[in-house]
Structure formats: C-alpha cells, structure tokens
Amino acid sequence: MMSPNTKEAYQLLHDGILALAEAESHGLKIDVKYIQKQKKQISKEIILLENKIYDSAFYKDWKKAVKKEPNIYSSQQLGNYLYKVKGVKIKKETATGEGSTDKETLRLLNIPELETLLEIKELKKVRDTYLDQFEREQVNGEIHPFYHLHIAQTYRGSSSNPNFQNVPKRDKKAMQITRRAIKPRPGHQFLELDYSQLEVRIGACYSKDKKLIDDILHGDMHRDVAIDLFKIKNFDKSKPGHSTLRGAAKNGFVFPQFYGDYYENCAVNLAQNWCKLPKGKFKKGQGIEIEKGYTIADHFIDNGIKSYRKFVATVQEAEHNFWNVRYKTHTKWKESIWREYQSNGFITSKTGFTFQGIMKKNFVINYPVQSAAFHCLLWSLIEGTKALKREKMDSVIVGQIHDAIVFDVNPKELNKLIKIMNCIMCNDVRQHWPWIIVPLEIGAEICPVDGSWAEKQELNIGDE
DNA sequence: GGAACTCGCCAC
DNA sequence: AAACGTGGCGAGTTCC
C-alpha cells in the first residue's frame with residue numbers, strides 16, 4: 001500500500017517507465033546455438049548423476065520404504081523419507097513447519113547421494129531456469145527483458161520474461177554458462193555502471209549518522225566488523241584468510257543487519273556457511289584454513305571462543321557494538337521512523353512516496369531506504385537516456401539491475417559515455433535531490449568488444 | 001486441466 | 001517482544 005504523493009514523484013515514474021521501455025526495445029543478443037549445445041551437455045551430465053543416485057542403496061531403501069518410485073526432485077517426498085521414515089532429526093523448518101530440505105540442511109546430513117542430488121539441482125537450475133528462459137523468450141536471436149515499476153512494494157523495479165536481474169554471478173561455473181549466452185550488438189561491448197554501497201549511503205542520508213558517513217567516505221566497515229566478529233588482532237587485507245573473513249563480515253553480517261536481521265541468524269550463517277564450523281564444541285583443525293596449517297577453529301580456540309555458543313555471544317557483542325556504539329545515531333533514526341509510523345500510520349520516502357497499511361518494523365525501516373536508493377538509479381537512467389539521444393550516440397541502455405545500468409556500447413564512445421554517466425550519477429542527481437548529503441560513487445565493469453556478458457572485468461574509471 | 005500453493009534458489 | 005528487506009521462476013503438489 002503506497003502511492004506517489006507529489007507531482008514530482010508521479011513524474012519520476014512516468015519518465016522512468018518511458019526510459020525503461022526504450023531499454024526494453026533495444027534488447028540483447030542471444031546465442032541460440034550455444035544454448036542448445038550447453039543444454040545437451042548439461043542434460044548428459046544430469047543423466048549420469050541421476051543414474052548414480054538410482055543405483056545407490058540410499059535410493060533403493062527409499063523406494064522400499066515408500067513402496068513406489070520416489071521422485072528425487074520432490075522436496076515433499078524427500079522430507080517425508082528423511083524425517084518421517086528414517087527419523088532424521090529436524091534441524092531447520094520451512095515456513096509451514098515441515099522439515100527443510102534446502103541445500104544448507106542436506107549438506108549437514110553428510111549423505112553422498114544427497115551431495116549428488118545437490119550437484120544435479122545446480123545443473124538443473126542453470127538449464128531449466130536460465131538457458132530455457134533465454135531460449136524461450138528470444139525472437140530472431142534477441143531477448144527484450146521487461147522492466148516494471150508497478151510491482152515492488154518498495155517502488156523498486158523488477159524484471160521478467162526473461163528476468164534480467166537474477167542471472168548467476170557468484171558461482172563461477174553457473175555464471176560462465178548462463179552469461180556466455182548473452183551478447184552485445186556486433187562490434188559493441190557491454191558496460192555496467194553500478195552505484196557503490198548505494199543503500200547504505202541512502203540510509204545515511206536519512207539518519208545523518210556522522211560515524212556512518214565517515215566510514216562510508218574514509219573507513220572500511222566490513223573490516224571493522226570482521227575484527228569484532230572474528231577477534232582479528234592485526235588485520236591485513238593482503239592475507240587471503242583475512243580477506244575471506246572480511247567478505248564473511250560483509251555478506252554474512254553487515255548486509256543482513258541492514259535489512260533487519262539479528263545476531264542468532266547471522267551467527268548460524270557465519271559459522272556454517274562461511275567458517276564451515278559445526279555447532280557444539282570447536283575442535284582443532286576444524287573449519288576453513290585462514291593461514292597455512294591454521295584453521296578458523298584453531299584461531300577461535302586460541303582466542304577463547306571454544307564453542308559455537310561462545311561464537312554466538314561474540315556475534316551478539318559485535319551487533320551491540322555495531323548498532324548501539326558505532327552507528328548509534330542511525331539506530332536512533334530507525335527508532336524515530338518507527339515511532340513516526342506508529343503515531344501517523346504512514347511514512348514518506350525522500351523521493352516523495354507514501355507507505356501505509358500494516359507494516360512490521362523491519363519493513364518501515366527498509367522501504368524508504370530501498371525506494372529512495374532505487375530512485376537515484378532510475379533518475380540516472382532517465383537522464384542517461386536523454387543524454388545519449390541528445391549526443392546522438394550509438395550506445396544504448398539495455399538493462400537495469402536495482403543499483404546498476406547495463407549499456408551496449410560503441411567502443412569509440414566508451415570514454416565519453418563514462419564521463420557523461422559519471423556526471424549524471426554522481427553530481428547531477430545530488431543537485432536534483434539536495435537531501436543526498438553523502439557523495440555517491442560508481443564502479444564500472446566492461447566486457448571485450450563482441451564478448452559475452454560472462455567476460456565482465458572491473459574497469460578503473462578513476463575520479464572525475 | 002488450470003489456478004494456487006509450497007519450497008527452493010538466483011539476483012540486489 | 002521479535003527477529004532478513006525486494007523481486008522472478010521452476011517443479012511438485014493440491015484443489016476445484
């Protein structure tokens with residue numbers, strides 16, 4: 001339940017949807033032959049792995065227990081077999097209270113056949129969600145992803161048919177296979193410009209927290225949190241172990257915390273998925289290696305964190321330090337907007353949108369930040385579209401991913417384009433919206449001429 | 001035979 | 001006291 005409450009807010013969506021319609025009309029090339037070849041290859045791999053499962057004692061026992069041919073891809077049937085037939089203890093529940101069969105939970109069971117199943121599911125995800133989608137949606141070798149402004153509760157955009165906003169990135173293999181299918185126009189190259197830490201910066205515009213702003217500009221909050229979480233004494237980012245732990249702090253603590261998560265969830269995630277540590281007492285040699293012959297469990301034990309329980313307490317302390325010491329002004333803002341909602345029944349974003357209806361606290365805190373952050377991107381996309389036309393450029397915008405714009409660039413125009421966009425995204429938007437009191441910065445990634453979207457590399461664009 | 005639901009997983 | 005925000009999509013399943 002929300003609405004634009006100013007003419008300006010209405011105009012932003014109006015101009016935004018027109019600019020996005022242009023991006024839709026440009027579209028992207030799809031290598032159909034490649035997709036068909038990949039799908040065949042993946043299907044072969046899947047059959048081999050499936051047979052491995054079907055031939056196993058695990059599967060035969062499952063079949064015997066339920067007296068019919070099990071469907072290995074049915075979460076319901078698998079959950080039933082594991083939790084009701086075999087009596088495996090439920091470690092995590094789904095939203096409806098059933099035993100979970102997600103990747104994280106199955107990993108804990110240490111059953112080789114389930115590892116094989118997870119491997120198959122990764123392959124199926126790539127084939128059936130992405131390659132199929134691209135192949136199905138392409139016409140004459142082009143896709144035209146749709147971009148919507150009327151779907152998300154927060155006034156973010158969304159994308160569909162195909163969804164251009166969730167193509168694999170972190171998993172190297174899945175990234176390679178899927179993004180390799182997407183190509184620029186002949187003789188052109190993809191460029192992606194994204195806002196650095198956009199939501200955190202916009203959050204700071206709401207709270208005006210001095211320490212938060214200072215850390216955005218000069219500090220490294222992920223490093224500081226890593227030091228707190230993992231009791232690192234002399235942080236050295238050139239050490240691979242320290243760099244990994246900084247990544248864990250960023251993705252396993254800072255981001256979830258800004259979305260409203262709390263220490264217990266963060267602790268489970270950090271211990272299991274980042275440190276690879278079991279619950280219970282820590283033993284020497286457990287977990288990821290942070291230095292040669294020295295694991296995270298060794299490090300924890302040496303620093304008095306002898307068990308998972310103790311680690312949870314450490315994460316709780318780090319959380320306290322994060323919200324009540326370091327960024328206490330930001331925390332005050334979170335409380336004040338929550339009170340504002342409780343007394344008025346609605347809240348308003350910096351970009352002029354009202355949110356009303358029944359909302360939980362986390363929603364109230366997130367919506368204004370998420371909407372205003374996206375609107376910075378949208379405003380830049382509108383102005384970018386105008387500028388490219390005004391300059392009669394051959395380069396075009398082909399996509400939008402929440403805090404990033406994807407261009408199909410004529411290589412001759414690359415430098416000019418970056419200069420124009422840097423000015424729009426970092427300077428002009430702040431003139432337009434003076435409430436942006438924190439400098440905005442962008443990063444760039446570039447693909448080779450005629451290279452696919454899998455070949456993105458960081459591009460240093462310096463300061464202008 | 002299709003709509004709606006659950007679960008899981010990809011992105012930011 | 002409660003406890004992760006926003007989407008899209010596929011497969012399995014259930015309901016009508």
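Letters A, B, ... mirror the listed sequences (proteins, then strands); counts begin at 1.
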Open item on the list: For A:His330, is there any backbone N or O sitting under 3.5 Å from a side-chain donor or acceptor partner on A:Asp209?
Closed with: yes

Open item on the list: Test your reading of the model: is there a side-chain donor-acceptor pair from A:Ser380 to the backbone of A:Cys376, 3.5 Å cut-off?
Closed with: yes

Would you mind classifying the nucleic acid contact of [X] as base, sugar-phosphate or nothing, using non-hydrogen atoms under 4.0 angstrom?
X	value
A:Asp132	nothing
A:Arg136	sugar-phosphate
A:Gln133	sugar-phosphate

TODO: Identify, residue by residue, the members of residues 64-84 of chain A with a heavy atom below 4.0 Å from DNA chain B, and return them in order of residue number, or none.
DONE: A:Ser75

Open item on the list: Would you measure the distance from the C1' atom in B:dC9 across to the matching atom in C:dC4 and give it in whole Å?
Closed with: 16 Å

TODO: Tell me whether the guanidinium CZ or amine NZ of A:Arg180 lies under 6.0 angstrom from the six-membered ring centre of A:Tyr34 and within 45° of its axis.
DONE: yes

Task: Heavy-atom side-chain contact between A:Lys169 and A:Ile401 under 4.5 Å - done: no

Open item on the list: Reading DNA chain C from 5' to 3', where do the contacts with chain A start and stop? Cut-off is 4.0 Å to heavy atoms.
Closed with: C:dA3 to C:dT14

TODO: Scan for ring-ring contact (aromatic ring centres under 6.0 Å, His included) pairs involving residues 79-121 of chain A, sequence neighbours excluded, and state none if there are none.
DONE: A:Phe58-A:Tyr81, A:Trp62-A:Tyr81

Would you call [X]-[Y] a salt bridge at under 4.0 Å N-O?
X	Y	result
A:Lys183	A:Glu455	no
A:Asp228	A:Arg326	yes
A:Glu445	A:Arg179	no

List the atom pairs, donor and acceptor, that lie under 3.5 Å between side-chain atoms in residues 117-127 of chain A and the rest of the protein, sequence neighbours left out.
unit_1, atom_1, unit_2, atom_2, d
A:Arg127, NH1, A:Ser43, OG, 3.0

Task: 5' priority, DNA chain C, between A:Tyr262 and A:Tyr367 [closest heavy atom] - done: A:Tyr262

For residues 251-272 of chain A, dump all side-chain donor-acceptor pairs below 3.5 Å to protein atoms at least two apart in sequence or in another chain.
unit_1, atom_1, unit_2, atom_2, d
A:Asn251, ND2, A:Gly247, O, 3.3
A:Gln257, OE1, A:Trp323, NE1, 2.7
A:Gln257, NE2, A:Glu319, OE2, 2.9
A:Asp261, OD1, A:Asn265, ND2, 3.0
A:Tyr262, OH, A:Glu264, OE1, 3.4
A:Asn269, OD1, A:Asn273, ND2, 2.7

TODO: Kindly indicate, with the supporting measurements, whether the criterion side chain to side chain donor-acceptor pair (under 3.5 Å) is fulfilled by A:Tyr54 and A:Glu113.
DONE: CA-CA 9 Å; A:Tyr54 295 143; A:Glu113 286 80 2; over 6 Å; no

Each nucleotide N or O in nucleotides 9-12 of chain B that has a protein N or O under 3.5 Å away: list the pair and distance.
unit_1, atom_1, unit_2, atom_2, d
B:dC9, OP1, A:Lys103, N, 3.3
B:dC9, O2, A:Lys125, NZ, 2.9
B:dC10, O4', A:Tyr130, OH, 3.2
B:dC10, O2, A:Asn166, ND2, 2.8
B:dA11, OP1, A:Lys169, N, 2.7
B:dA11, OP1, A:Arg170, N, 3.0
B:dA11, OP2, A:Arg170, NH1, 3.1
B:dC12, OP1, A:Lys169, NZ, 3.1
B:dC12, OP2, A:Arg170, NH2, 3.1
B:dC12, O3', A:Asp403, OD1, 3.0
B:dC12, O3', A:Asp403, OD2, 3.3
B:dC12, O2, A:Arg156, NH1, 2.9
B:dC12, O2, A:Arg156, NH2, 2.9

